[in-house]
Amino acid sequence: MNPASGADGASRSGAYAPADAGPADGPDPALSWSAPMVPGGTPGAGRPVVSFGEPEGYDEGARSRPLGRRGRSQAVAAAACLVLGTGLIGGAVTGSWLAGDPDGPGARTGFAAAQDLWHSIPVDQLFPPTLQGEGAGPGGADRTWTRIAVAPDSGCEDAFDALLHKVLAPVGCERLLRATYTDATQSHVTTVGLLFTETDAAAMTSLARRFDKERLDRRTDLMPLPYAAQGTAAAGFGAAQRATWTVSVLTDAPVVVYAVSGWADGRTVDTPQPAEDAMRSGATTAPAQAGLGHETQGLADRVERGLRKKAGTVTEQPS
C-alpha cells in the first residue's frame, strides 16, 4: 500500500477513505471498502398444502367438539408463551455478542460477520470524524475528539515494533485500519487501530488469555506505534512520543483494538504508562495528570463499541 501523505482525506488506495454521504436512493459505493452485498436468490416454491378435517372430541357435558379448537384464554396464553420464548432465544443470541461469549449460540454468526467489516463498512462509520466522550475525561468530564488523519488500509509489516509483531503473529494480519484523533484543545493526539486477524475464535481466545495471564498489555516494549500524518497536529507523534496505550484482544470478533496517546507538541516521554494505571485516582505521573489515560481508553472504547454495533447490525440482516 502507498503510505498516507498528509491529513485526513489524503490520497489512499481502495475505498478506505472518508467520503461525503451517498445519494438518497441508495448507498454510495465510494463510501465503503467494497460494494455492499445485495441479498439474492428467490425463494423456491413450497410444498403443496394438505388439509385434513378436525377430529372430534367431547367436552364436560359429553357434547362433541373439534379437538383443535381452543378457548380464547387458552389461545392468548399460548400466544404469550410463544412470544416470550422467541424473545428469550433472540436475547440469548444478541447477548452472546455483547457479552463476548465465544460459545454462545450467536457467536459463530457474529464472528463470521465481523471478518468482512474492514472492507464493507465506510471509514466514517468505523472512525467517525467526530467522537463524543460523555463523562470520558478525568472526574467524569466530557470529551470531544476530532479525526485529523486516516491511514491507508494496510498489512502489518511495518505497523508494529518487532516484539509486538511477534506476539500478534499467531493470529495473522488480514488488514490494519488506523486513524488519529486530537482533543478539543489540540493538545493531545491519539491513534486508534483495528487489526483484523486471519484466525478463528479459538485462536483469538487463546491470545486474549495470554495477554491477560502475562499482562502483555502493560509492557512498554509491546506498545503499539502511532500514526503520524504530515501537516496535522500529529506530525510529530512518533515512537518516542508515546505516553499511554491500551490493547484489547476481542474473543467474539477477529479484531485487536488498540490506542496510543501522546502530546501534540512532540515532547518525548521517558516513562510511558498503561492507560489503566494513568486513569487511577491519585496517579501523579505526567501522562496521568494530563488525562492521557482517559484520552486513550475513551477513544478505544468508543471505536470498539462502534465496531460491535456494526457487527450486530450485520448479524441481524436476513440471510
Counting only pairs under 3.5 Å, give me each side-chain donor-acceptor contact of residues 286-299, with atom names and distances, residues two or more places apart or in other chains.
{"residue": "Gln289", "atom": "NE2", "partner": "Ala283", "partner atom": "O", "Å": "2.8"}
{"residue": "Glu295", "atom": "OE1", "partner": "Trp145", "partner atom": "NE1", "Å": "2.6"}
{"residue": "Glu295", "atom": "OE2", "partner": "Arg143", "partner atom": "NE", "Å": "2.6"}
{"residue": "Thr296", "atom": "OG1", "partner": "Thr244", "partner atom": "OG1", "Å": "2.5"}
{"residue": "Thr296", "atom": "OG1", "partner": "Ser261", "partner atom": "OG", "Å": "2.6"}
{"residue": "Thr296", "atom": "OG1", "partner": "Leu292", "partner atom": "O", "Å": "2.9"}
{"residue": "Gln297", "atom": "OE1", "partner": "Thr246", "partner atom": "OG1", "Å": "3.3"}
{"residue": "Gln297", "atom": "NE2", "partner": "Asp301", "partner atom": "OD1", "Å": "3.0"}

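Residue pairs meeting the disulfide bond (SG atoms under 2.5 Å apart) criterion with at least one partner in residues 140-250, sequence neighbours excluded, are Cys156-Cys173. Counting only residues at least two apart or on different chains, no salt bridge (Lys or Arg N to Asp or Glu O under 4.0 Å) pair has a member in residues 182-193. Note on residues 212-272: no pairs pass disulfide bond (SG atoms under 2.5 Å apart), not counting sequence neighbours.
Counting heavy atoms from C-beta on, the side chains of Trp263 and Ser187 never come closer than 4.5 Å. Here the side chains of Val150 and Val123 are in contact, with some heavy-atom distance below 4.5 Å. Looking only at side-chain heavy atoms (C-beta outward), Thr232 and Thr180 stay at 4.5 Å or farther from each other. Trp245 places none of its side-chain heavy atoms less than 4.5 Å from the side chain of Pro226. Between His119 and Arg175 the shortest side-chain heavy-atom distance does not fall below 4.5 Å.
Put simply, the side chain of Thr191 gets close to the backbone of Tyr227: a donor and an acceptor are under 3.5 Å apart. Between the side chain of Ser206 and the main chain of Ala202, no donor-acceptor pair closer than 3.5 Å is present.
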side-chain contact (heavy atoms from CB on, under 4.5 Å) between Val256 and Val247: does it pass, once the steps are laid out? CA-CA 7 Å; Val256 177; Val247 179; 3.8 Å; yes
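Remark: Tyr258 pairs with Phe160 by the ring-ring contact (aromatic ring centres under 6.0 Å, His included) rule, at least two apart or across chains. Under the rule for a salt bridge (Lys or Arg N to Asp or Glu O under 4.0 Å), the partners of Arg267 that lie at least two apart in sequence or sit in another chain are Asp265.
Taking 4.0 Å as the cut-off between side-chain N and carboxylate O, Glu276 and Arg218 count as a salt-bridged pair. The pair Asp217-Arg215 meets the salt-bridge criterion, with a side-chain N (NZ, NE, NH1 or NH2) lying under 4.0 Å from an Asp/Glu carboxylate O. With respect to the salt-bridge test (charged N to carboxylate O, under 4.0 angstrom), the residues Arg280 and Asp277 qualify.
Hydrophobic clustering (side-chain heavy atoms under 4.5 Å, transitive across Ile, Leu, Val, Met, Phe, Trp, Tyr) keeps Leu131 apart from Met279. Note on Leu216: it clusters hydrophobically with Leu163, by side-chain heavy-atom contacts below 4.5 Å among ILVMFWY residues.
Nearest approach of Pro128 to Arg147, heavy atoms of both residues: O-CB, 3.9 Å.
In the model, Thr146 has no side-chain atom that pairs as donor or acceptor with a side-chain atom of Thr182 under 3.5 Å.
Put simply, CG on Leu164 and CZ on Arg219 are 10.0 Å apart, with the number rounded to the nearest 0.5 Å.
By the 6.0 Å contact criterion, CD on Gln186 is open, its count of non-hydrogen atoms from other residues, nucleotides or ligands being 12 or less.
If you run side chain to side chain contact (heavy atoms under 4.5 Å, CB included) between Leu250 and each of Leu194, Thr197, Val257, only Val257 comes through.
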